[in-house]
Amino acid sequence: MNYIEFGKNNVQLSTIILGMMRISSMSVREVSQLIDSALDVGINAFDLADCYADGLCEKIVGEVLTSRPDLRDRMWIQSKCGIRREDGIKYFDFSKEHITEAIDSILMRLKTDHIDSLLLHRPDTLMEPEEIDEAIDAAVKAGKVIDFGVSNMNPMMIDLLKDNVKEKISINQIQMSAAFTPAIDAGLHFNMSTEAGTMRDGSILEYCRLHNIVIQTWSVLQYGYFKGVFIGNSKYPELNKVLTRIAKEQNVSPSAVAIAWVLRYPHKMQAVIGTTKADRVREMALATDVKLSRKEWYEIYQSAGNTLP
Ligand SMILES: NC(=O)c1ccc[n+]([C@@H]2O[C@H](COP(=O)([O-])OP(=O)(O)OC[C@H]3O[C@@H](n4cnc5c(N)ncnc54)[C@H](OP(=O)(O)O)[C@@H]3O)[C@@H](O)[C@H]2O)c1
């Protein structure tokens, strides 16, 4: 496993994070075993959100922590807030009241006195940065939240927050995989009037590098927006051919190569994996052993159907 130094307490965080969005149908015992499988291979970072199964995912992890309190110090736990559903209506809410209430609810479900990181989940167009500052500042001062970050935000949104929020924005969690590359395409197709040249994210990768914001990537094995896994998928024959060849050469699985592709971006990167299977956690953890040359990185990019100018 590889680690990055992170946050106010200079913790060593694994570059692979176990995402726990899909654990809602698992028993406490199964989730406990899944956490063990991650810790065993050196994964010490875990990602949740208050909206995952309406809080059920956090609740299950809370029950694991209650039955095994020793685990808490070995786990760096991150959660997110700001996505709401009420009366069948979905909306985003970064109001002071909601963030404050959400943090307390997260802590209650997780049965812990603090979370190591809190992310604002999806941009709320109606956000008032001063309110966010008040909510986050109070939570940090009370020791409920250690580090702070955002998710799915473009540079201008982060600048808007940075101007008003005292707490450093340490993380941006965004979608990126070998088969989901809008954040990469526009830079490669600079100034082109093609679809790939369309700037959708305001150069978020370069922005995060400039501002020392860790990039966490979600859905590292999916194509489209939750369309499915591209590993072994007949929609991606070339990509699977290349991943399989490199996987054989380096004695790992194609999934490990796909995760290594994301981690190859030259910055403080973390890949949030979403498997619920211990075997796959072990197999994917080997991604940090994979060495990808520039040529291989570009070969994977193009084998997913992307082009270069
Ligand atoms: N910030 C955000 O807006 C945001 C959005 C979405 C997700 N996230 C975070 O990112 C994490 C990961 O997202 P994700 O779950 O979409 O990531 P993912 O790792 O790309 O996908 C996980 C899914 O792929 C399946 N899978 C893995 N390997 C497979 C294979 N070889 N063949 C077939 N199926 C395979 C897994 O099934 P098995 O369980 O059977 O292995 C699981 O259902 C989430 O848990 C969450 O923490 C954040």
Side-chain angles (χ1 to χ4, degrees), residues 14 16-26 30-31 33-35 37-38 43 45-53 55-58 60-61 75-84 90 92 106 110 115 117-124 149-154 157 171-181 183 201 204 213-236 239-240 243-244 247 252-263 269-287 304:
S14 53
I16 296 182
I17 301 177
L18 182 64
M20 307 189 89
M21 179 182 73
R22 301 179 190 264
I23 62 165
S24 61
S25 60
M26 296 168 74
E30 285 166 336
V31 172
Q33 287 167 348
L34 183 67
I35 291 171
S37 72
I43 295 173
F46 299 83
D47 183 69
L48 285 149
D50 62 356
C51 64
Y52 293 161
L56 181 56
C57 297
E58 289 177 333
I60 297 171
V61 174
M75 295 171 70
W76 180 90
I77 302 180
Q78 169 171 277
S79 193
K80 319 182 203 76
C81 69
I83 298 182
R84 300 187 72 175
K90 181 179 184 178
F92 305 133
I106 289 168
L110 285 173
I115 45 173
S117 163
L118 177 83
L119 307 185
L120 300 179
H121 204 158
R122 269 207 174 266
D124 169 13
V150 296
S151 178
N152 307 306
M153 279 205 190
N154 68 33
M157 290 165 177
I171 293 165
N172 191 12
Q173 189 178 104
I174 64 172
Q175 185 178 5
M176 190 164 113
S177 75
F180 188 91
T181 54
D201 66 343
I204 192 60
I213 296 173
V214 171
I215 299 172
Q216 296 180 347
T217 55
W218 55 270
S219 289
V220 285
L221 300 177
Q222 311 272 325
Y223 63 98
Y225 183 67
F226 297 119
K227 289 237 173 87
V229 173
F230 57 78
I231 300 291
N233 189 319
S234 58
K235 283 191 167 70
Y236 288 90
L239 175 58
N240 276 290
L243 293 175
T244 304
V252 295
S253 68
S255 301
V257 179
I259 294 164
W261 185 85
V262 168
L263 295 174
M269 299 295 290
Q270 291 181 296
V272 192
I273 60 169
T275 184
T276 56
K277 307 276 181 341
D279 284 354
R280 285 194 174 135
V281 170
R282 285 187 277 274
E283 165 205 312
M284 291 174 194
L286 295 176

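For the single chain, residues carry numbers from 1 onward in sequence order. First listed ligand is number 1; within each ligand, the first listed atom is number 1.
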> When you look at Leu48 and Ile115, which way does the side chain to side chain contact (heavy atoms under 4.5 Å, CB included) test go after all the steps?
Replying inline: CA-CA 10 Å; Leu48 285 149; Ile115 45 173; over 6 Å; no
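Note on ring orientation: taking the six-membered ring where Trp is involved, the planes of Tyr236 and Tyr223 are tilted (angle from 30° to 60°).
When ring centroids are compared, Phe226 and Trp218 come within the 6.0 Å threshold.
Applying the salt bridge (Lys or Arg N to Asp or Glu O under 4.0 Å) rule to Asp47 yields the partners Lys80; only residues at least two apart in sequence or on another chain are considered. Remark: Tyr225 engages no residue in a ring-ring contact (aromatic ring centres under 6.0 Å, His included) (not counting sequence neighbours). Under the rule for a salt bridge (Lys or Arg N to Asp or Glu O under 4.0 Å), the partners of Arg84 that lie at least two apart in sequence or sit in another chain are Glu86, Asp93.
Closer than 4.0 angstrom to ligand 1 sit non-hydrogen atoms from Gly19, Met20, Met21, Arg22, Asp47, Tyr52, Lys80, His121, Ser151, Asn152, Gln173, Trp218, Ser219, Val220, Leu221, Gln222, Phe226, Val229, Ile231, Val272, Ile273, Gly274, Thr275, Thr276, Lys277, Arg280, Met284.
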